[in-house]
There are 2 protein chains.
Amino acid sequence: MAASQPTLADRICEEMKQAIVSGRLAQGAKLNEPLLAREFGISRGPLREAIRRLEGLGLVRHVPHAGARVVRHSLEELVEIYHVREALEGMAARLAASAISAAAVTELHALLDAHERDIAASDGQAYVQQEGDFDFHYRIIQAARNHKLTQMLLGDLYHPVRMYRVQASQRAHRPQRALTEHRRIVDALADRDGELAELLMRRHIAGARKSLAAQLGGDEAPSPIPAPSTSTRS
Amino acid sequence: MAASQPTLADRICEEMKQAIVSGRLAQGAKLNEPLLAREFGISRGPLREAIRRLEGLGLVRHVPHAGARVVRHSLEELVEIYHVREALEGMAARLAASAISAAAVTELHALLDAHERDIAASDGQAYVQQEGDFDFHYRIIQAARNHKLTQMLLGDLYHPVRMYRVQASQRAHRPQRALTEHRRIVDALADRDGELAELLMRRHIAGARKSLAAQLGGDEAPSPIPAPSTSTRS
DNA sequence: TTTGCAAAAATTGTCGACAAAATAACATCG
DNA sequence: CGATGTTATTTTGTCGACAATTTTTGCAAA
């Protein structure tokens, strides 16, 4: 079902998605149609279709006669996303404990072994852990065998997270500790202990969220006054 | 977000979304561009943009040189969605317990009172409970004050559910019981008991999911998926 | 210098036309 | 009669051009 003859709009959409996630198209950047069209060597028609698709995906925002811009992700929004991830990936871990195959568990162990080697090799930077972390979470999500869940998590929710990681050049929070937590989760999966797997996954993501929230300045745990001013005034 | 001058593509996108959810555009129906363009009285350009946006929203599926079709939702997928709803709305209930205002709790009570009157009045059919149920869940989600959560739940996830409800003409499962469960949830919110609110909400949705899954086992007379008649009004 | 308004430029929205591909129809052959 | 290759039609993909709107620019006045 791969694109046998990928259309121009599809190709451009994919390229732009990559450009946005990688930061080559900065957050809030205006998408100038004639310019981009010339740059990609295509007409404005397919480009507009690609932009509309990205709009549906939530990666760009479009106002009627003012053009489209790359969405901006505030740290607050990142924290919100981590809340959602906590709920969703916790569920994924629980489902995975029931659905995962023994072979997949073995593969997960091998993956974590590889991560351990990578961390030991590139001590300090641990950039590989970035993609490796994604890889781990990807596999858990896939193992849950819930198509809609996969679609939401991998299709929509992860883009902002990847954008943030790449663009902020944020190093992994204590990759050694993350690795240990990953191992515990896999152990729970191997034991078919869905409850424990969910708990550990939630704690794992909640830890990352709190680390993120710490950058916000204040603790965000109990929001006493929600401050309804979203300040998205236009 | 005041649509100062809604563009054609936006308007058509909205109309098509409505048509898909309401079932006027059946599941699996082919989106014939010249036909639809004539029907809407516009050119193919904006129509294609609208379709691309719907594609990003996950309401239509597009294959390179074969055209776009309305997505088909199997009962299995519905069950998957209810799993996701359970996790997400459970979280929403927990967050809402912390974030909701006293005034909002009062409004919720009033809403449920109205539902009770409606059920008593239109005993049996209880069609109002359909939208009312959505209304209740809407408010809980909003009360969680998590923008991303709202976006995912109300933006993407609910469309298939509404499609299913509308098209299958499914009556609410025991509206009286649903109402009671709703009341208990609001009570938990009023007590600021997030844990209990989450538990009750999860149980509430899990019940609906099980009722849904029961249909999966036993094939009943009403065929849930209508025959894909390619003919649309011209 | 700053403010306000008007013209100009650029950009977005929309359309019709042409090229490429897929589907349908049809005639031919086994 | 059915299968198959070819043609014809429909449908999708792409492009350039024109209209509508917004933003910028320029200029004059307070």
Side-chain angles (χ1 to χ4, degrees), chain A residues 1-17 19-20 25-26 28-57 59-72 232-234, chain B residues 1-17 19-20 25-26 28-57 59-71 227-234:
Chain A
M1 55 222 45
S4 52
Q5 199 92 334
T7 180
L8 270 188
D10 281 328
R11 189 169 65 79
I12 299 304
C13 178
E14 213 56 39
E15 274 192 48
M16 288 183 73
K17 196 198 291 184
I20 290 173
L25 251 55
K30 189 170 183 334
L31 299 182
N32 187 308
E33 293 182 5
L35 198 90
L36 283 174
R38 249 198 318 274
E39 192 165 325
F40 284 123
I42 61 168
S43 158
R44 272 180 56 216
L47 180 78
R48 282 174 67 87
E49 292 181 21
I51 289 176
R52 278 321 230 272
R53 196 150 110 74
L54 291 173
E55 185 190 359
L57 284 171
L59 269 78
V60 309
R61 209 176 169 76
H62 183 101
V63 284
H65 287 82
R69 314 186 86 93
V70 180
V71 291
R72 311 190 66 112
T232 45
R233 196 87 184 90
S234 59
Chain B
M1 39 175 128
S4 53
Q5 198 93 336
T7 179
L8 270 188
D10 281 328
R11 188 169 65 80
I12 299 304
C13 178
E14 211 58 38
E15 274 191 48
M16 288 182 72
K17 195 198 295 184
I20 290 173
L25 252 54
K30 188 169 185 332
L31 300 181
N32 187 308
E33 294 181 5
L35 198 90
L36 283 174
R38 249 199 317 276
E39 193 163 326
F40 284 123
I42 62 168
S43 159
R44 272 180 57 217
L47 180 78
R48 281 176 66 88
E49 292 180 21
I51 290 177
R52 278 320 230 272
R53 195 149 112 73
L54 291 173
E55 186 190 358
L57 284 171
L59 270 78
V60 308
R61 208 176 172 75
H62 183 100
V63 282
H65 288 82
R69 312 186 88 93
V70 180
V71 291
S229 64
T230 52
S231 69
T232 41
R233 300 302 105 203
S234 61

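Just so we're clear, the structure is a prediction, and the values are computed from it rather than from any experiment. To find a chain, count down the sequence lines: A is the first, B the second, and so on, and within it residues start at 1.
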* Does the pair A:Glu49/A:Arg53 count as a salt bridge with the N-to-O cut at 4.0 Å? -> no
* Electrostatic pair B:Arg52:B:Glu55 at N-O distance under 4.0 angstrom -> yes
Nearest-Å distance for atom pair [atom1]/[atom2], residues [X] and [N]:
X: B:Glu33; N: C:dC15; atom1: CD; atom2: P; value: 14 Å
X: A:Arg48; N: D:dT14; atom1: CZ; atom2: C1'; value: 15 Å
X: A:Arg44; N: C:dA17; atom1: CZ; atom2: P; value: 19 Å
X: A:Arg38; N: C:dT11; atom1: CZ; atom2: C1'; value: 12 Å

* Asked: If you look at every strand shown and take non-hydrogen atoms under 4.0 Å, does A:Leu31 touch a base, only sugar-phosphate, or nothing?
  ->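 Counting heavy atoms under 4.0 Å across all strands, the contact made by A:Leu31 is with sugar-phosphate only.
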Do the side-chain N or O atoms of [X] get closer than 4.0 angstrom to the phosphate oxygens (OP1, OP2) of [N]?
X: B:Thr7; N: C:dT12; result: no
X: A:Lys30; N: C:dA10; result: no
X: A:Asn32; N: C:dA10; result: no

* To do: Show your reasoning for whether salt bridge (Lys or Arg N to Asp or Glu O under 4.0 Å) applies to B:Glu14 and B:Lys17.
  => CA-CA 5 Å; B:Glu14 211 58 38; B:Lys17 195 198 295 184; 3.5 Å; yes
* **Spatial distance of atom CD1 (A:Ile51) from atom CG (A:Leu59) [nearest 0.5 Å]** => 12.5 Å
